[in-house]
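So the structure is just underneath, and the comments pick up after that.
Nothing here was measured: the structure is a model prediction, and the numbers come from that model.
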Amino acid sequence: MYIDGVNVLPLVVSQPGGNYNLGNRESCWIEVLVDCPGVTGLFTYGLPPQLQVKPGDIVSVPFGKQILGGIGIRLLTELPRDVPPEKVRNVEDVVSTGFFPQTYWELLNYVAAYYYTPLMQVIKVALPPGLLGRSQRRIRLVREAGEQEKRRQGRQGDKEDKGVLTAGFAHSPDFYSEAARQILDLLRSQPQGDYSFIYLQRQIRGAWRGVRELLQCGLVESYLEPPRFSQPKLQKAVTLIKNTFENDLTPRQREVLGVLRQRGGDMWQNELLQICHASSSILKNLAQKGYIIVDDREVLRNPVAGEEIKAEQIKLLTPAQTQVLETIQGLDGFATALLHGVTGSGKTEVYLQAIAPLLARGKSALVLVPEIGLTPQLTDRFRTRFGNKIIIYHSALSEGERFDSWRQMLTGEPQVVIGTRSAVFAPLSNLGVIILDEEHDSSFKQDSPIPTYHARTVARWRAELENCLLLLGTATPSLETWLSVKEGKREGVKEGRREGGKEITFSPTPSLPHSITPPLHHSPTPSLHHSPTPSLPHSPTPPLPHSPTPLPHSSHYLSLPERINSRPLPPVEIVDMRQELQQGNRSIFSRGLQTALRQIQERGQQGILFIHRRGHSTFVSCRSCGYVIECPHCDVSLSYHHTEKGAPQLLRCHYCNYGQAYPPNCPECSSPYLKFFGSGTQRVAQELAKQFPELRFIRFDSDTTRTKGAHRTLLTRFANGEADLLIGTQMLTKGLDLPQVTLVGVVAADGLLHLSDYRASERAFQTLTQVAGRAGRGEDVGRVIVQTYTPEHTVIEAVREHDYYGFVAGELEQRQVLNYPPYGRLILLRLSSIDPVLVQNTAQIIATALPQQEGLDILGPAPASILRVANRYRWQILLKFAPDNLPNLPKWEDIRQLCPPSVSLTIDVDPVNIM
Ligand code: ADP
Ligand code: ZN
Ligand code: ZN
């Protein structure tokens, strides 16, 4: 921004604040992220005295022989040691300020600091590629004197001075340089008075200087036009224009026209050619003969275009929903609310009705979901409710789609962004609410690469910075969320309540393992003392921000203890598979499940069979010598894959995706008797086909849902009754709402229960509860059958009783004893290398170098539970400490120095997956 504040943008969403050392001349340099293909890293530039630059400003800088756009990232008070002063060039100009809200940059800085990640890496996660390059700087005349006047009055200090100058200038253009005059003339000759800067540069020599002069006296303004839809995507369409087929046609041409006519006379070219097995030359001929026209038509790059969406009515809320919604609407400013609603209790409807009034007030909403592909139903419901205000954003979008979405977000219009983890960085301004649906889901955590952020943690900071509500919805709250809301409770909000007939009492617990709390500008209570000016982290891997004092804010527990229409939760029957075996049943289906499967078919109902794949993979072994076929690159057995009849039988590695043909003989002893074990989806499908030949089923797993849109297609087929059963893995747990489903069978719960991870129980409980929750959502009562070899396991018992509270109480107790999250905090150092000895030694060296101290447990180094993946050997060191008593953590740059180049080190903060 110029000192006189002239070049204010239409996009400005500036926040009061000024924590960036405005006017502080101590900062004489700025690090700039330059937008140039192939160039990475930050470059240091000097700040000329007349320019005032804030982090987040878009600047133009000399770079080699060019002038490039870039983002000012960080002010420096001293020049980095390795930068020779004589080499430092100055920032040319500020193109735009406030392209993103200031809070946005603060957020990125927090992420960088908390997750020990260079800011650059964070920016890369947050911004789509090429954003700046495609934004265009434009210069336009400032026309209305009135407006200009207003601007001037807004300025502090040198008002009169500038006023005189401007007025004088307007009448005597020759007062200024030749370039300035030429630019003015050019702009005035154009009806809008508006040209791209590049154009001006091409037309006029010294345009830089000229524009600068004009900007300084307020005659023109400079703005950044957000990138337009890059080229619209076009596709060829064929239209029949002559309906009588004459003798000039060959039989082949006649055939093609016949198909076209049959389909209504208007088709996409590629579709027509595909159906007729024809080439485009035949169409050229037909066009020449005047039968058809081939033209380009725009296809919108809408990821769900062409999919039909049923209209949905706004629902009359149940009393419980109403109460929840009223509480939500009564909240003002930053607050966290846990919406704990059993499966099928109507959480989505609450989200929809909470968002609607916000949009009407010009605010936007951010909705994060575990996986877009798995939740077509949810996105559809949002679409039917909010139409084109919905933007879908996730990393599986094409670059063009991502880019178009971004462009739309930057307009500042009220809108709803639905996306996965990385959408937490969606550059929406004026946020009214952030919603995390299925907040317990581990896909919100990024394990690698850095930053290893958790979208829930980032969302919390963001809500705080934007002063809005964070709404966490789930049937099975994560222990972190549960505890934090419980803690929040003690800070004043109502205590002790009846939920679903159960009295919940909150016992005092050690203080909350709050992640850092970014300081606020808009602190609700000024008497609270937290530093109002966060200093920007000054090293590439900044230290953990100290002062983790959680800001007392309102945190609320909202409960939907019942399903819609008081439908009961489905009863859960536990089947002890040991007894089945004892009583002579060798099938993977217990007798109870077999009966139930027969019943759904008789009654015309539908069922879901859940298979936990991991830990129960379909490994292949030799019956003669016992040899197990393993991945040559990883320490795991290969899994048997057979997608369909006639397709080749494959062995595949689930860790590195290595594949090989199923061998006819044992590689070890050449015996032909190979056998595959386990109960993956394929195995279950085969058993099913054998035992229940009449049952029609659809497999829903990573083999069958590989192609784009496959999730939706399969689910639609199932919903249309094309099959009796849906067989699948984890994917089935997320958000399916199919009223015809009455039976849910869990083939073997054990794979979930016995994982060597302190979170295994929590995850197993969540998964089983979610799967069970797919049953009985419609008129007919549901039932759930869980097969297991350990029916006495606490998780199984809690699932049977639908007893979240009991489960959580027991689980929290254990975590507390062992000081695991949410009580203790963890940092996991993951090391990997192709050299097994080197990585082990490095791990040892690092562990020794870590400061020994009270309150810091150093566990390991230990090999990861699967030592080798994709030829890399993996070791890890786990640090455990109390959140309210931060130990002196080492400087991570120093630790990195201990790693030879061939050993990679990832610092996973608050790891979720520590296997
Ligand atoms: P959840 O997200 O809690 O699992 P959903 O929002 O999917 O639950 O709601 C379950 C079902 O109940 C859906 O089919 C939804 O359309 C329906 N539903 C939600 N709220 C109402 C309501 N107030 N009246 C009638 N049906 C409702
Ligand atoms: Zn063998
Ligand atoms: Zn492998």
Side-chain contact test, heavy atoms from C-beta onward, threshold under 4.5 Å: evaluate it for [X] versus [Y] and give yes or no.
| X | Y | value |
| --- | --- | --- |
| Pro851 | Pro890 | yes |
| Leu76 | Ile30 | no |
| Thr117 | Val111 | no |
| Pro80 | Thr44 | yes |
| Pro427 | Met409 | yes |
| Leu75 | Leu47 | yes |
| Glu221 | Arg140 | yes |
| Leu141 | Arg188 | yes |

Which heavy atom of [X] sits nearest to which heavy atom of [Y], and what is that distance?
| X | Y | value |
| --- | --- | --- |
| Leu470 | Leu436 | CD1-CD1, 4.1 Å |
| Ile450 | Pro118 | CD1-CD, 4.0 Å |
| Pro414 | Gly362 | CB-C, 3.7 Å |
| Cys468 | Gly432 | CB-O, 3.5 Å |
| Val903 | Ser833 | CG2-CB, 3.9 Å |
| Leu831 | Cys899 | CD2-SG, 4.0 Å |

With rounding to the nearest 0.5 Å, note down the distance linking [atom1] in [X] to [atom2] in [Y].
| X | Y | atom1 | atom2 | value |
| --- | --- | --- | --- | --- |
| Leu898 | Thr842 | CG | OG1 | 8.5 Å |
| Ile434 | Glu466 | CD1 | CD | 7.0 Å |
| His454 | Asp908 | NE2 | CG | 10.5 Å |
| Gln201 | Ile139 | CD | CD1 | 9.5 Å |
| Leu366 | Gln415 | CG | CD | 10.5 Å |
| Leu905 | Ile895 | CG | CD1 | 8.0 Å |

**Request:** Examine the side chains of Gln182 and Glu178 and answer whether a donor and an acceptor come within less than 3.5 Å of each other.
**Result:** yes
**Item:** Side-chain H-bond candidate by donor/acceptor type, Tyr115 with Asp910, under 3.5 Å
**Value:**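 On atom types as modelled, these side chains do not qualify, holding no pair under 3.5 Å.
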Counting only N and O atoms by type, is there a donor-acceptor contact under 3.5 Å from the side chain of [X] to the main-chain atoms of [Y]?
| X | Y | result |
| --- | --- | --- |
| Arg462 | Val424 | yes |
| Arg421 | Ser443 | yes |
| Asn467 | Glu464 | no |
| Gln446 | Pro449 | yes |
| Asn109 | Trp105 | yes |

**Asked** Any chance the rings of Tyr199 and Tyr195 have centres within less than 6.0 Å?
**Response**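 That pair passes the under 6.0 Å test.
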**Request:** Taking the six-membered ring for Trp and the single ring otherwise, decide whether the centroids of Tyr453 and Phe425 are under 6.0 Å apart.
**Result:**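 Ring centres of Phe425 and Tyr453 closer than 6.0 Å.
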**Prompt:** Between Phe197 and Trp208, how do the two ring planes meet: parallel, tilted or perpendicular, split at 30° and 60°?
**Reply:**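 Judged by the thresholds at 30° and 60°, the geometry between Phe197 and Trp208 is perpendicular.
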**Asked** Would you call the rings of Phe43 and Phe63 parallel, tilted or perpendicular if under 30° counts as parallel and over 60° as perpendicular?
**Response**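 Ring orientation, 0 to 90° scale: perpendicular.
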**Item:** Residues that Phe444 engages under ring pair (Phe, Tyr, Trp, His ring centres under 6.0 Å), provided they are two or more places apart
**Value:**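 Phe444: no ring pair (Phe, Tyr, Trp, His ring centres under 6.0 Å) contacts found.
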**Request:** List for me each residue that meets ring pair (Phe, Tyr, Trp, His ring centres under 6.0 Å) alongside Tyr45, sequence neighbours excluded, and say none if there are none.
**Result:**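 Scan of Tyr45 (ring pair (Phe, Tyr, Trp, His ring centres under 6.0 Å), adjacent residues dropped) gives none.
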**Prompt:** Can Leu850 and Leu879 be said to form a side chain to side chain contact (heavy atoms under 4.5 Å, CB included), step by step?
**Reply:** CA-CA 10 Å; Leu850 292 171; Leu879 309 184; 3.6 Å; yes
**Message:** What verdict does the side chain to side chain contact (heavy atoms under 4.5 Å, CB included) test give for Trp892 and Leu829, after you've listed the backbone C-alpha separation in whole Å, the side-chain angles of each residue and the deciding distance to 0.1 Å?
**Reply:** CA-CA 10 Å; Trp892 297 113; Leu829 309 184; 3.6 Å; yes
**Item:** Ion pair Arg209/Glu213, N-O distance below 4.0 Å
**Value:**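 Salt bridge: no.
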**Request:** Only one of Thr906, Ile907, Asp447 passes side-chain contact (heavy atoms from CB on, under 4.5 Å) with Thr452; say which it is.
**Result:**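 It is Thr906; the other options fail the test.
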**Message:** Run Gln190 and Leu186 through side chain to side chain contact (heavy atoms under 4.5 Å, CB included) and show every step you take.
**Reply:** CA-CA 7 Å; Gln190 206 256 13; Leu186 203 58; over 6 Å; no
**Derivation and outcome, side chain to side chain contact (heavy atoms under 4.5 Å, CB included), residues Ile418 and Ile390** = CA-CA 7 Å; Ile418 305 182; Ile390 298 291; 4.1 Å; yes
**Over 12 non-hydrogen atoms of neighbours within 6.0 angstrom of NZ in Lys445** = yes
